[in-house]
Amino acid sequence: MNTPNNQAPRTVSSRGGRFRNNRKVGVAPAPLENDMAPNKDQHVQRQNPNNNKPSPKSSQGRTGPHNSNRKSKRRSTGRSRKGQNHQLQRNNLQPSPEEQSKYLALDCEMVGIGPDGLQSALARVVVIDWSGSILLDKFVRVDQPITDYRTFVSGITAQDLQSDNAITYDECRGLVATMLRGKILVGHALKNDLAALGIHHPWQDTRDTAKYEPFMKTRFDDGVLWPRKLRDLVKERLCRGIQG
């Protein structure tokens with residue numbers, strides 16, 4: 001039936017909803033056949049409810065035995081490689097004989113002179129090379145009266161300074177100055193040793209364990225570094241006892 005253009009569309013009520021011009025109003029359109037059919041994924045999921053469960057291989061994941069074995073193998077391999085790298089670094093850091101010949105180590109022993117032996121006088125000098133071979137070991141005669149031999153530290157006695165191995169101060173100073181020329185000097189608190197010998201050595205060619213920061217300690221809470229005693233360093237680093 002045709003409806004005039006100037007008339008409002010007729011609405012008919014029914015149980016399923018309201019109709020306007022033979023079209024249902026307020027009810028969603030019926031789904032199409034394609035919409036009614038389950039989609040492929042849902043169909044597969046109903047056929048295989050365990051589809052979402054991980055496979056045995058993937059269930060091991062990061063904590064599975066095979067994966068942990070692989071990780072342990074990688075860790076052990078990494079450790080062995082690190083060990084090999086450290087060994088290579090040590091080998092590469094080993095100086096050549098020519099480089100080793102540039103280094104000398106110096107140590108001086110003092111005795112006490114003056115009242116109560118508070119002043120120091122040079123009494124023994126030792127110079128060694130890179131490998132620890134002794135190049136010079138001489139007692140030094142002291143012209144002034146000795147009031148304290150400091151034997152408990154220096155090991156020096158009156159017989160040592162009167163022996164044929166003792167030389168004069170000037171002889172000792174000349175020998176050491178000649179040996180140190182052009183060398184890199186290693187020692188502990190070298191300022192005191194060089195002052196006792198009356199020798200100047202370039203600071204850039206000096207390696208002083210008393211001023212080497214990794215060997216120093218923090219004495220107070222202010223963070224200032226202080227030198228440690230040679231006796232303590234030798235015991236800690238070389239596992240040896242010195243100075244009584």
Side-chain angles (χ1 to χ4, degrees), residues 90 93-95 99-100 102-161 163 165-167 169 172-173 175-177 179-180 183-244:
R90 286 194 292 268
L93 290 175
Q94 185 69 17
E99 184 70 17
Q100 294 179 14
K102 298 178 181 179
Y103 289 82
L104 293 179
L106 169 70
D107 186 37
C108 296
E109 295 296 339
M110 316 291 179
V111 293
I113 59 175
D116 300 324
L118 297 180
Q119 298 180 19
S120 297
L122 181 65
R124 186 180 182 181
V125 177
V126 178
V127 178
I128 63 174
D129 62 8
W130 177 278
S131 61
S133 299
I134 298 175
L135 304 181
L136 178 68
D137 185 2
K138 294 291 184 180
F139 291 102
V140 182
R141 299 191 187 99
V142 180
D143 296 334
Q144 304 181 42
I146 300 174
T147 54
D148 187 358
Y149 283 92
R150 304 175 184 175
T151 306
F152 71 98
V153 175
S154 65
I156 297 174
T157 62
Q159 290 76 14
D160 295 326
L161 300 183
S163 66
N165 192 33
I167 60 178
Y169 175 83
C172 178
R173 184 174 181 273
L175 287 174
V176 176
M179 297 178 69
L180 299 185
K183 301 292 185 178
I184 296 175
L185 181 60
V186 181
H188 187 80
L190 286 170
K191 178 181 179 180
N192 299 331
D193 295 338
L194 293 175
L197 285 164
I199 295 175
H200 170 76
H201 198 74
W203 66 268
Q204 65 271 18
D205 292 336
T206 301
R207 307 291 185 266
D208 197 332
T209 56
K211 297 181 178 180
Y212 184 53
E213 290 188 4
F215 290 171
M216 300 177 75
K217 65 179 180 180
T218 303
R219 187 171 181 178
F220 302 112
D221 295 334
D222 54 8
V224 177
L225 294 175
W226 288 74
R228 298 176 61 187
K229 294 181 179 180
L230 180 61
R231 175 184 59 196
D232 298 337
L233 285 176
V234 170
K235 183 177 180 180
E236 177 184 300
R237 300 285 172 170
L238 303 178
C239 300
R240 297 179 63 180
I242 61 171
Q243 297 178 350

**OP:** Grab the two heavy atoms, one from Ala123 and one from Leu161, that are nearest each other, plus how far apart they are.
**Re:** O-CD2, 3.6 Å
**OP:** Starting at CG of Leu194, measure out to NE2 of His201 and round the result to the nearest 0.5 Å.
**Re:** 7.5 Å
Subject >> Atom pair CD1/CD of Ile184 and Gln100 - distance to nearest 0.5 Å >> reply: 12.0 Å
**OP:** Please name the residue in the list Met216, His188, Lys217 that meets the side chain to side chain contact (heavy atoms under 4.5 Å, CB included) test with Arg228.
**Re:** Lys217
Original post:
Does the side-chain contact (heavy atoms from CB on, under 4.5 Å) test come out yes or no for Lys138 and Val125, once each step is laid out?
Top reply: CA-CA 6 Å; Lys138 294 291 184 180; Val125 177; 5.5 Å; no
Subject >> Asp107/Arg124 ion pair, N-O < 4.0 Å >> reply: no
Original post:
Would you find more than 12 non-hydrogen atoms of other residues, nucleotides or ligands less than 6.0 Å from Lys183 atom NZ?
Top reply: yes
**OP:** Taking atom CD1 of Ile134 as the centre, report whether more than 12 heavy atoms of other residues, nucleotides or ligands fall under 6.0 Å from it.
**Re:** no
Subject >> Check: Met110 and Asp193 side chains under 4.5 Å, non-hydrogen atoms >> reply: yes
**OP:** Check whether any side-chain heavy atom of Arg150 sits under 4.5 Å from a side-chain heavy atom of Ile156, and report yes or no.
**Re:** no
Original post:
Should we count CD of Glu213 as having more than 12 external heavy atoms under 6.0 Å?
Top reply: no
**OP:** To the nearest 0.5 Å, tell me how far Tyr169 OH sits from Leu197 CG.
**Re:** 6.0 Å
**OP:** Write down the atom of Trp226, the atom of Val224, and the distance for their closest heavy-atom approach.
**Re:** CD1-O, 3.3 Å
Subject >> Separation of Asn192 CG from Leu122 CG (nearest 0.5 Å) >> reply: 12.0 Å
Original post:
OG of Ser133 to CD1 of Ile128: how many Å apart, nearest 0.5 Å?
Top reply: 8.5 Å
Subject >> Expected output: side-chain Thr218 to main-chain Gly223 donor-acceptor under 3.5 Å >> reply: no
Subject >> Heavy-atom closest pair, residues Phe215 and Thr209 >> reply: CB-O, 3.8 Å
**OP:** Could you tell me the separation between the CG atom of Leu190 and the CG atom of Asp208, rounded to the nearest 0.5 Å?
**Re:** 4.5 Å
Original post:
Does the side chain of Asp160 pick up a donor-acceptor pair with the side chain of Thr157 at under 3.5 Å?
Top reply: yes
**OP:** Could you tell me whether the side chain of Asp129 reaches within less than 4.5 Å of the side chain of Leu104, counting heavy atoms only?
**Re:** yes
Original post:
Do any N or O atoms from the side chain of Arg240 and from the backbone of Val234 form a donor-acceptor pair under 3.5 angstrom?
Top reply: no
